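Since the structure comes first, as structure tokens, the remarks are kept for the end.
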Amino acid sequence: QVQLVESGGGLVQAGGSLRLSCAASGRTFNSYDMGWFRQAPGKEREFVAAMTWSGGSTLYADSVKGRFTISRDNAKNTMYLQMISLKPEDTAAYYCAARYYRGRGNFYSQREYDYWGQGTQVTVSS
């Protein structure tokens, strides 16, 4: 089992930057593909980015490509989401998620992930 704790959210002006972290418990962090999702008020949770267990492959939602970068440090059991050029529409609660590695899958789907964090709020003011 994996427990996930997000941090790094906050209030930032449009055009600013934030780096989110997701700390994972357990010794098998490198057995998990990882993802970031977000949920704005009144909207469904949506995919943001994902990275395979090895870090060899990444996926991004079109809305964040070129602005967000997902990374992980398996030695520290931590995943990151570097966000630059933030926009008001990026305002949401951001969640990290873990998927026990089992080969190919639909990383864009919430159903693919086995564990979730509690979320960290990102608010971008205009």
Side-chain angles (χ1 to χ4, degrees):
Q1 190 169 356
V2 174
Q3 291 185 328
L4 305 172
V5 179
E6 303 95 335
S7 62
L11 174 63
V12 63
Q13 289 187 336
S17 302
L18 282 174
R19 188 177 80 156
L20 305 183
S21 298
C22 173
S25 64
R27 300 179 181 179
T28 59
F29 180 67
N30 61 1
S31 297
Y32 291 84
D33 302 315
M34 299 295 294
W36 286 100
F37 288 74
R38 67 186 182 186
Q39 186 168 19
K43 296 188 177 181
E44 294 187 355
R45 190 172 298 189
E46 64 175 6
F47 171 80
V48 175
M51 174 173 273
T52 55
W53 66 274
S54 65
S57 295
T58 56
L59 292 170
Y60 294 95
D62 288 343
S63 59
V64 307
K65 279 181 182 176
R67 300 188 299 120
F68 291 11
T69 303
I70 188 173
S71 62
R72 64 190 294 165
D73 185 337
N74 285 347
K76 295 182 178 179
N77 283 11
T78 303
M79 175 179 66
Y80 306 97
L81 185 69
Q82 178 68 51
M83 307 184 293
I84 65 170
S85 302
L86 282 161
K87 304 175 182 180
E89 50 263 44
D90 294 318
T91 295
Y94 283 71
Y95 299 87
C96 66
R99 170 187 183 271
Y100 190 75
Y101 176 73
R102 47 187 177 271
R104 299 179 68 179
N106 181 5
F107 285 65
Y108 297 94
S109 172
Q110 299 179 55
R111 299 175 184 176
E112 197 69 29
Y113 295 84
D114 304 303
Y115 303 101
W116 292 82
Q118 293 300 306
T120 185
Q121 179 67 36
V122 172
T123 302
V124 184
S125 63
S126 56

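Predicted, not measured: the structure shown is a model, and the values here were computed from it.
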Please report the interatomic distance CG(N77) to OG1(T28), rounded to the nearest 0.5 Å. 8.0 Å
The test is side chain to side chain contact (heavy atoms under 4.5 Å, CB included); show your working for R72 and N74 and say whether it passes. CA-CA 6 Å; R72 64 190 294 165; N74 285 347; 2.8 Å; yes
Tell me who clusters with L11, hydrophobic residues only, linked when side chains sit under 4.5 Å apart either directly or through other members. none
Would you indicate whether the side-chain heavy atoms of D73 and Y80 approach each other to under 4.5 Å? yes
Testing the basics here: between Q121 and A92, what is the closest heavy-atom pair and its distance to 0.1 Å? NE2-O, 3.4 Å
Please round to the nearest 0.5 Å and tell me the distance separating atom CG of N106 and atom CZ of R104. 11.0 Å
Determine, stepwise, if the pair V124 / E89 fulfils side chain to side chain contact (heavy atoms under 4.5 Å, CB included). CA-CA 8 Å; V124 184; E89 50 263 44; over 6 Å; no
Do M34 and F107 sit in the same hydrophobic cluster, where Ile, Leu, Val, Met, Phe, Trp and Tyr count as joined when their side-chain heavy atoms come under 4.5 Å apart? no
When W53, Y113, Y115 are each screened for side-chain contact (heavy atoms from CB on, under 4.5 Å) with Y32, the one that passes is Y115
Please report the C-alpha distance between F68 and L81 in whole Å, then the side-chain angles of each, then the deciding distance to 0.1 Å, and finally whether the side chain to side chain contact (heavy atoms under 4.5 Å, CB included) criterion is met. CA-CA 7 Å; F68 291 11; L81 185 69; 4.1 Å; yes
Got a sec, which pairs hit disulfide (SG to SG under 2.5 Å) with one end in residues 97-126, sequence neighbours left out? none
Determine the sole option in S71, S21, C96 for which the side-chain contact (heavy atoms from CB on, under 4.5 Å) test with M79 is passed. C96
Within the side chain of T52, is there an N or O that forms a donor-acceptor pair under 3.5 Å with the backbone of S57? yes
Would you find more than 12 non-hydrogen atoms of other residues, nucleotides or ligands less than 6.0 Å from Q39 atom CD? yes
Tell me whether E46 at atom CD has more than 12 heavy atoms from other residues, nucleotides or ligands lying less than 6.0 Å away. yes
Hey, could you give me each pair passing salt bridge (Lys or Arg N to Asp or Glu O under 4.0 Å) that has a residue in residues 55-65? Not counting sequence neighbours. D62-K65
Listed by chain and number, what are the salt bridge (charged side-chain N to carboxylate O under 4.0 Å, His left out) partners of R45, not counting sequence neighbours? none
ILVMFWY cluster, F47 and W36 together (side-chain gap under 4.5 Å): no
Scanning both residues in full, the closest heavy-atom pair of L4 with A24 reads CD2-CB, 3.7 Å
Other residues, nucleotides and ligands only: do more than 12 of their heavy atoms fall within 6.0 Å of CZ on R102? yes
Is the closest side-chain heavy-atom distance between R38 and V122 below 4.5 Å? no
Please test Q3 against V5 for side chain to side chain contact (heavy atoms under 4.5 Å, CB included), starting from the C-alpha separation and ending with a verdict. CA-CA 7 Å; Q3 291 185 328; V5 179; 5.7 Å; no
Name all residues meeting the side-chain contact (heavy atoms from CB on, under 4.5 Å) criterion together with T120; count only those two or more places apart in sequence or in a different chain, and write none if there are none. E6, L20, Y94
For G105 versus E112, what's the shortest heavy-atom pair and its separation? CA-OE2, 3.7 Å
Not counting sequence neighbours, list each pair that qualifies as a disulfide (SG to SG under 2.5 Å) and has a residue in residues 58-95. none
Say whether, by atom type as modelled, one donor and one acceptor occur between the side chain of R67 and the main chain of S85 under 3.5 angstrom. yes
When rounded to the nearest 0.5 angstrom, what is the spacing between CD in Q82 and OG1 in T69? 7.0 Å
Roughly how far, to the nearest 0.5 Å, is the OG atom of S126 from the CD atom of Q13? 9.5 Å
Is there a path from Y95 to L86 through hydrophobic residues (I, L, V, M, F, W, Y) whose side chains come within less than 4.5 Å of each other? no
Let me check something: do Y60 and V48 share a hydrophobic cluster, defined by ILVMFWY side-chain heavy atoms less than 4.5 Å apart, either directly or through other members? yes
Would a hydrophobic clustering, with Ile, Leu, Val, Met, Phe, Trp and Tyr connected at side-chain separations under 4.5 Å, put I70 with L18? yes
